[in-house]
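Proteins come first, then strands; the chains are lettered A, B, ... in the order of their sequence lines, and each starts at number 1.
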There are 2 protein chains.
Amino acid sequence: MAVLGALAVEDATGYGVRQSITETLGHFWHESFGQIYPTLATLEADGLVGRTPTGKFSITPAGVERLTELLSEPVEPTRPRNGLLLRLFFASHLPDGMARQLVQDARDQARVALAGYGAIEAEVAAESHPDADHWLATVRFGIHHAQATLDWAQETLVRLPDGEG
Amino acid sequence: MAVLGALAVEDATGYGVRQSITETLGHFWHESFGQIYPTLATLEADGLVGRTPTGKFSITPAGVERLTELLSEPVEPTRPRNGLLLRLFFASHLPDGMARQLVQDARDQARVALAGYGAIEAEVAAESHPDADHWLATVRFGIHHAQATLDWAQETLVRLPDGEG
DNA sequence: CTTTGCATGTAACATGTTACATGATTCA
DNA sequence: TGAATCATGTAACATGTTACATGCAAAG
């Protein structure tokens, strides 16, 4: 889905697909290197992607159809694995002060993320691409959640007694 | 880490460990069935857990030490896989109205989650367990993020033109 | 002329899920 | 007595990551 989607936006080499996924979808999706090339090979064999004269991969009409099909499948719920919350839950077994440190780190990361999203938001808004509305929606999701983490961290730092485990 | 942590809270059978993880840690952690039993076997072989006379697993002093060690390891960043945002990003290839539907579904789920968290929050606050502060912090995280999803969904529904792909 | 980035791929490894198999106990 | 829940485990399968191997091109 991610590979076909990336190619639906623009033609690219396998390397380029990976860059698109890392840079553009990076905030909400990832694909490892070892999956992209085999996937492209399969897609090509199935006639869902072809090659341009310059050697780039290019999505075919059948590929576009398949993409729509894939996107229409129900969203499968993600299984959570939040290492921060797991540690916080068992914080009584953590060395003194470490729980607090973890929350501070999360706060700092949220601040950085927030700044990054702000830049992307401005960029997308300026571009006026036909898909800008949807792209903006994904960025706004990131902003809301980064802000939530920031608010939570600040609230939690007030609530957790200083120097506590 | 999750299995040792669960046993640090109370003795349990393998089945019970799974229940603890599903019910108590469920909002931020999961372990599949096929992992818990092999893990328990390894932990027992390593002397990190033992058995009570009633057959339940019980964490040993060495196990507690190991738990602290594990919890002290750096939080490894999770690789994102957000099916909702992926679909939204490529929404121009989605059938008409489906993007809107996805956001509405997310909003409804966030509302349900929020109500659930509220109940848990009240419950934890009432218990006055020594770890209540930390447990509350994890619940508050869920509340902040569910609220973020709710706010985002409402904002997005206003921004996305009606009946749009 | 050498380092960085572009480009392609594979194979070994690690992780994680599902389905199956089995049986005891409890409750209606 | 039959269904649901408790309880334990394994084996096949699916998924996903890392390290390795290779080579070209551009920039400094």
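- Atom OH of A:Y37 is separated from atom P of D:dT17 by 16 Å (rounded to the nearest Å).
- A sub-4.0 Å separation between OP1 or OP2 of C:dG5 and a side-chain N or O of A:Q19 is absent.
- Contact annotation for A:G34: base contact, defined as any heavy-atom pair under 4.0 Å involving a base atom.
- Remark: C1' of D:dT5 and CZ of B:F33 are 12 Å apart, rounded to the nearest angstrom.
- Between A:I36 atom CD1 and D:dT15 atom C1' the separation is 15 Å, expressed in whole Å.
- For the OP1/OP2 pair of D:dT8 and a distance below 4.0 Å, the side-chain nitrogens and oxygens of B:T13 include at least one atom meeting the criterion.
- Here A:S32 lies in heavy-atom contact (under 4.0 Å) with a base.
- A:L114 is not listed as a side-chain neighbour of A:T149, based on a closest heavy-atom distance of 4.5 Å or more.
- What separates OH of A:Y15 from C1' of D:dC24 is a distance of 13 Å, to the nearest Å.
- Here the C1' atom of nucleotide D:dG16 and the NE2 atom of A:H30 are 7 Å apart, to the nearest Å.
- In this structure, A:E31 atom CD and C:dT8 atom P are separated by 17 Å, rounded to whole Å.
- A:D151 and A:Q147 form a side-chain donor-acceptor contact under 3.5 Å, judged by distance and modelled atom types alone.
- Relative to the ring axis of B:F57, B:R51 places its NZ or CZ within 45° and under 6.0 Å from the centre.
- Residues B:R81 and B:F57 both approach DNA chain D. Their nearest nucleotides, taken by heavy-atom distance, put B:F57 toward the 5′ side.
- Within the 4.0 angstrom heavy-atom criterion, no nucleotide atom of any strand lies near A:R18.
- By the 30° and 60° cut-offs, the orientation of the rings of B:F89 relative to A:W135 is parallel.
- Contact between the side-chain N/O atoms of B:Q35 and the OP1/OP2 oxygens of C:dT15 is not found at any separation under 4.0 Å.
- With 3.5 Å as the limit, one finds a donor-acceptor pair spanning the side chains of B:D105 and B:Q101.
- At whole-Å resolution of the value, CD in A:E23 and C1' in C:dG5 are 12 Å apart.
- One can place CG of A:D11 at 13 Å from P of C:dA7, the figure rounded to the nearest angstrom.
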